[in-house]
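As structure tokens, the structure follows; a few thoughts come after it.
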2 protein chains.
Amino acid sequence: MRRAEFHTGPAPAAGDPAGRPGPLPPCRPAPSGDSGSAPAPGPGPRVPEGYDPGAFEPFAVTVDLAVFTVREGRLHVLLVERGAEPYLGSWALPGGFVLPRESAERAARRELAEETGLSEETAGALHLEQVRTYSDPDRDPRMRVVSVAYAALVPDLPEPRGGGDAARARWTPYDARGPLAFDHELILADAYDRVGAKLEYTCLATAFCPPEFTLGELRQVYETVWGVELDRPNFRRKVLTTPGFVQAVEKAPRRTGGRGKPAALYRAGRATTLHPPLLRPEGRTA
Amino acid sequence: MRRAEFHTGPAPAAGDPAGRPGPLPPCRPAPSGDSGSAPAPGPGPRVPEGYDPGAFEPFAVTVDLAVFTVREGRLHVLLVERGAEPYLGSWALPGGFVLPRESAERAARRELAEETGLSEETAGALHLEQVRTYSDPDRDPRMRVVSVAYAALVPDLPEPRGGGDAARARWTPYDARGPLAFDHELILADAYDRVGAKLEYTCLATAFCPPEFTLGELRQVYETVWGVELDRPNFRRKVLTTPGFVQAVEKAPRRTGGRGKPAALYRAGRATTLHPPLLRPEGRTA
DNA sequence: TCAAAAGTGTTGCACCTACACCCATGG
DNA sequence: CCATGGGTGTAGGTGCAACACTTTTGA
């Protein structure tokens, strides 16, 4: 169904459901009809196929964040409670608009800092993984919104209470979350799949850990995200024999995780990929 | 650098460099300020951080396609010659605008059909892989364009001569391409990396083959994309012992690839992932 | 009869799995 | 002392790399 009103004049309804002012974007010149990605017109006055002025209906571009952390042996995801219709009161992924002069990744880092209460520098150092872009025309009932989804992996952080938007944010156990607003259920599932897969063949797991960590903590990341138990001795060998995965912290003494023998500390190494990969146990059989 | 003209009125220059009419999109109502991905305003009249009316500057959303095929033992990519400034005469990835009522994937399939001259049904069955979204504010010198990149894998096709945009399209050897317009060099490299990686742990290689293929053809896909030689006997065993990767075509006799013993024919199986993966030879050592 | 590609067999190594066992600490 | 987690050792299995070999076609 085409939106004919875009060709006949402004559509009705400019009010914001949340009561905020609804600024009208000014009319703007049409793009040239051929962009970095658009089909270039052939030589001559021919109008290329697929060209439609409606194509220039402005899209809103946003980012959605699936922020994961491992907390008390469970995978948690950062969710925010919606304060406006639609889905008022529902939980949703944090996110926001991409501003005119920023890239989607910068927008994602900005939102990440806002929602977690971290400084922009700290947030800038965190691992951000672009997952997918969601562009179904009906994914937002109010307007056309194209959203770039990012997965962020953070070590265990305090409950977000940084003021601002962070006040609405909560760490929620991944498997105890309720239904999410919009298509955020799908986005979160995709992000989870991506993270699980990347643990297999990259050093990504260290992104869930503080700067210095024990092999037990690192192993718990795998076990928590994958939902399996790994053999401790074998995991240790695999990590230590993969060059560049971790590097020992020599001078530092040892740290205990409550009971048991104190463990040696490690830092993330320089390597980014694992060769050969560290396959999930199910991968062997499935 | 902000584009002040968007807040002060229409900017100059509405004409298309190619001489086509430059339709002006009508003014439209502002979005509610909170979208499926936008920060929901907190309870109360507070204006959430990060809110900026400029965020509603309309973005153009496009798709870019990296269409790969294996031809005469070389990896080829489909490129189009630009017929308008900027980058007039340069080569670029095919692509185009996402229309108001279609998803990015549907737009990609539509463009794929247009550029290759295939029917929409045929193109609809081809493998499309969303690679990444490119959103640098300056990636197009004329306006803000956010582009969703897709990689498409097709079996060897005739030279695109379907009329329309396809007339400008050419199959180009991947390693003999010139510099590309915009950031398409980066997009193409990302798409190539993704395809190469996915060959390792998915059954994607069959997408490069016709419906019925020999194991030699399948092996050549790997060898061509990865740029390595694989041991024929070991490759055969790996493929045949991976359940669901390929299934033999019983009744069909055999087919020759020129000289040599005729080979048995196979079809793609039902599996989509490879467990354990088929690692690149370098993966073992690197 | 030779080149080229398909297909089978075999050996050895690399890596992973599983499990047994010792070490160090807190209760 | 024992429970808990860190750390070491070792035997067996799986799967892959490497390479030798036979088969079947076209030139």
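The chains referred to below are lettered A, B, ... by the order of the sequence lines, with proteins before strands, and numbering in each begins at 1. Computation of the quantities below employed the complete heavy-atom set of this structure, encompassing side-chain atoms and omitting hydrogens, waters and symmetry-equivalent molecules.
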Every protein N/O lying under 3.5 Å from an N/O of nucleotides 2-4 of chain C:
none

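- Residues satisfying the side chain to side chain contact (heavy atoms under 4.5 Å, CB included) test with A125(A), not counting sequence neighbours, are none.
- Under the rule for a side chain to side chain contact (heavy atoms under 4.5 Å, CB included), the partners of A152(A) that lie at least two apart in sequence or sit in another chain are V67(A), L112(A), L128(A).
- Residue R236(B) places no side-chain atom within donor-acceptor reach of the base of dA6(C), judged by atom type and a 3.5 Å distance cut-off alone.
- In terms of the ring pair (Phe, Tyr, Trp, His ring centres under 6.0 Å) criterion, W171(A) has no residue partners (sequence neighbours excluded).
- Shown here are the salt bridge (Lys or Arg N to Asp or Glu O under 4.0 Å) partners of R106(B), two or more places apart in sequence or in another chain: there are none.
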For nucleotides 9-12 of chain D, print each protein N/O atom paired with a nucleotide N/O atom at under 3.5 Å, atom names and distance only.
unit_1  : atom_1 : unit_2  : atom_2 : d
dG9(D)  : N7     : R237(A) : NH1    : 3.2
dG9(D)  : O6     : R237(A) : NH2    : 3.0
dT10(D) : O4     : R237(A) : NH2    : 3.2

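- Looking only at distances, no side-chain donor or acceptor of S147(B) sits under 3.5 Å from a matching main-chain atom of Y134(B).
- For the helix from dT1(C)-dA27(D) to dG27(C)-dC1(D), the terminal axes (five pairs an end, C1' atoms, rotation from four pairs onto the next four) enclose an angle of 0°, given to 10 degrees.
- Annotation: salt bridge (charged side-chain N to carboxylate O under 4.0 Å, His left out) contacts involving residues 188-197 of chain B, sequence neighbours excluded, comprise E129(B)-R194(B), R132(B)-D190(B).
- For Y266(A), there are no ring pair (Phe, Tyr, Trp, His ring centres under 6.0 Å) partners two or more places apart in sequence or in a different chain.
- With sequence neighbours left out, the side chain to side chain contact (heavy atoms under 4.5 Å, CB included) criterion links R177(A) to L79(A), T172(A), Y174(A), E185(A), L188(A).
- For R74(B), the salt bridge (Lys or Arg N to Asp or Glu O under 4.0 Å) test picks out D175(B), with sequence neighbours left out.
- A search for side chain to side chain contact (heavy atoms under 4.5 Å, CB included) contacts involving T202(B) returns K198(B), L204(B), not counting sequence neighbours.
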